[in-house]
Chemist: 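One structure follows; several queries about it will come next.
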Amino acid sequence: MNVRTPAVLLFLTLVLGLAGCKSSLGTEDKPIRIYVVPSELSASTRQAGQKLVDHLNKETGLHYSIHFPDRYIDVVVALGDKKADIAFMNNMSYLLANERFGAEAALAVERASRNAYSGMIVVRADSGIEKLEDLEDKRIAIVDVYSVSGYIMPALMLSRAGIQARETITAGNHADALRAVYDGKADAAFSFHEPPIDGKSHDARNLLGAEHPDVMEVLEVLALTETIPNEPVVFRKGLPPEMRKKTLAALLSFVESPEGKEVFRAFHEIGGFIEVDDSHYDSVRDALSGLGKKLDEMVPGGGILEVKHVQEPMPPLGN
């Protein structure tokens with residue numbers, strides 16, 4: 001008998017055992033992954049996101065990581081591929097993720113104690129554009145074809161009015177969409193709007209306030225869409241219930257603490273949460289239902305608003 005046989009067998013047993021070990025979700029090697037849509041990305045947003053993760057790690061005893069993809073659709077696909085476990089999404093991205101992959105809304109954000117907002121169409125005050133019809137054959141800056149306020153609801157408004165734009169310019173976020181109008185690179189922009197608070201404007205134009213102090217005078221609101229429920233915090237299908245429960249409890253307690261209020265204010269200006277389920281977003285579904293298409297067939301290429309300039313189509317969902 002070879003005296004080395006027991007040692008070899010022990011070595012093989014250890015190697016095979018280690019190979020079979022897989023890190024459990026919520027461990028340092030396999031953190032719970034939070035994805036965030038790129039609506040208002042900035043250095044302060046990313047820093048606040050990391051502070052949120054640090055708190056969740058400490059509060060729950062689980063490990064989390066945070067990710068900021070370049071496109072709205074990337075968050076949807078990540079939920080479907082189980083690369084994302086939790087997501088701070090916009091409404092359209094959520095509806096797609098729910099329809100295709102069974103993702104579930106659990107919270108809706110509040111801002112200034114409000115749980116709804118509107119889309120808006122903004123133009124330069126000196127543009128001579130005074131009504132929707134004046135946008136015929138104009139250049140329009142949009143946020144992303146999956147953005148509810150930054151494309152879908154304003155585009156529906158123009159589509160129903162029979163208005164055909166010359167082209168759409170995809171900016172990628174709200175600040176850049178408005179900046180395109182301020183700089184004269186677009187005639188109008190789609191973005192988000194909330195009613196003034198204590199006489200102070202509370203819409204996307206504030207994103208350019210530090211850069212352009214005169215933005216409120218230079219850019220004016222041409223039209224508002226119907227109201228839209230605030231965006232959800234979403235859990236992927238199949239996330240273990242105990243992890244979901246711990247995460248929800250930690251988010252709800254943190255947003256009420258002094259530190260949490262500061263962190264969430266920097267993180268998409270969130271002031272609080274309300275607990276919701278999928279039916280909370282039925283009003284957005286209803287607004288889209290008249291188009292007679294599935295959600296993921298409707299928006300690739302920006303198909304709601306007819307344009308004269310043919311653009312590159314969006315990649316198919318799931319690729």
Side-chain angles (χ1 to χ4, degrees), residues 36-49 68-72 88 90-91 109 111-112 114 116-130 132 134-135 138-155 157-158 165 167-225 227-228 230-231 262-271 302 305:
V36 183
V37 291
S39 60
E40 300 173 43
L41 287 187
S42 64
S44 61
T45 302
R46 293 177 184 273
Q47 291 167 2
F68 299 91
D70 293 329
R71 302 175 306 167
Y72 284 62
F88 286 76
N90 76 318
N91 294 356
V109 308
R111 293 187 177 89
R114 294 183 177 131
Y117 66 109
S118 299
M120 68 176 180
I121 302 174
V122 170
V123 298
R124 284 188 63 97
D126 60 4
S127 66
I129 297 172
E130 298 179 353
L132 285 181
D134 295 335
L135 293 177
K138 294 295 192 295
R139 301 162 300 165
I140 298 177
I142 70 171
V143 174
D144 183 287
V145 294
Y146 293 98
S147 171
V148 176
S149 62
Y151 177 67
I152 292 171
M153 299 303 281
M157 178 184 290
L158 295 190
E167 66 174 308
T168 57
I169 302 164
T170 302
N173 59 64
H174 291 273
D176 284 344
L178 295 179
R179 190 176 288 111
V181 179
Y182 189 98
D183 293 341
K185 296 177 180 178
D187 300 299
F190 299 159
S191 194
F192 67 85
H193 179 276
E194 295 179 10
I197 299 174
D198 297 328
K200 182 180 178 182
S201 179
H202 206 255
D203 61 49
R205 290 175 294 173
N206 290 328
L207 298 173
L208 299 185
E211 178 183 345
H212 297 296
D214 62 349
V215 66
M216 293 298 177
E217 291 73 43
V218 173
L219 299 184
E220 66 180 10
V221 179
L222 178 70
L224 297 177
T225 71
T227 58
I228 307 163
N230 281 356
E231 65 272 23
E262 183 178 340
V263 168
F264 278 113
R265 190 177 301 114
F267 188 72
H268 289 196
E269 297 187 354
I270 295 172
L305 179 62

Chemist: So does Tyr146 get a backbone contact from the side chain of Asp144, meaning a donor-acceptor N/O pair under 3.5 Å?
Modeler: yes

Chemist: Would you confirm whether Arg124, through its side chain, and Ile129, through its main-chain N or O, come within 3.5 Å as a donor-acceptor pair?
Modeler: no

Chemist: Could you tell me the separation between the CG atom of Asp187 and the CG atom of Asp134, rounded to the nearest 0.5 Å?
Modeler: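 One finds 11.0 Å between CG of Asp187 and CG of Asp134.
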
Chemist: Over all heavy atoms of both residues, which pair between Ser149 and Tyr117 is shortest? Give the atoms and the distance, please.
Modeler: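 Taking Ser149 first and Tyr117 second, the nearest heavy atoms are CB-CE1, 3.5 Å.
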
Chemist: Just how far is it from atom CZ of Arg46 to atom CZ of Phe267, taken to the nearest 0.5 Å?
Modeler: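 The CZ atom of Phe267 is 10.5 Å from CZ of Arg46, to the nearest 0.5 Å.
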
Chemist: Please round to the nearest 0.5 Å and tell me the distance separating atom CD1 of Ile121 and atom CE of Met153.
Modeler: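 It is 11.5 Å, given to the nearest 0.5 Å.
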
Chemist: Can you see which heavy atom on Leu208 is nearest to which on Ala175, and at what distance?
Modeler: CD2-O, 3.8 Å

Chemist: On a heavy-atom basis, which atom in Asn91 and which in Glu231 lie closest, and how many Å separate them?
Modeler: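 Reported closest heavy-atom pair: OD1-CA, 3.2 Å.
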
Chemist: Looking at Arg114, is its backbone amide N or carbonyl O close enough to the side chain of Asn230 to form a donor-acceptor pair, meaning the two atoms are under 3.5 Å apart?
Modeler: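 At least one qualifying donor-acceptor pair exists.
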
Chemist: I need the minimum non-hydrogen distance between Ala189 and Ala177, along with the two atoms involved.
Modeler: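 Looks like CB-O, 3.4 Å.
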
Chemist: Determine the minimum heavy-atom distance between Phe192 and Met120, stating which atoms define it.
Modeler: O-CE, 3.3 Å

Chemist: Measuring from Asn173:CG to Asp70:CG, what's the distance to the nearest 0.5 Å?
Modeler: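 One finds 11.0 Å between CG of Asn173 and CG of Asp70.
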
Chemist: Show the nearest heavy-atom pair for residues Leu132 and Ala223, with the distance to one decimal.
Modeler: CD2-CB, 3.9 Å

Chemist: Given the rule in the ring pair (Phe, Tyr, Trp, His ring centres under 6.0 Å) test, do Tyr182 and His212 qualify, once you have shown the distances and angles that lead to the verdict?
Modeler: CA-CA 9 Å; Tyr182 189 98; His212 297 296; 3.8 Å; yes

Chemist: Using a strict 4.0 Å threshold on nitrogen-to-oxygen distance, state whether Arg205 and Glu217 make a salt bridge.
Modeler: no

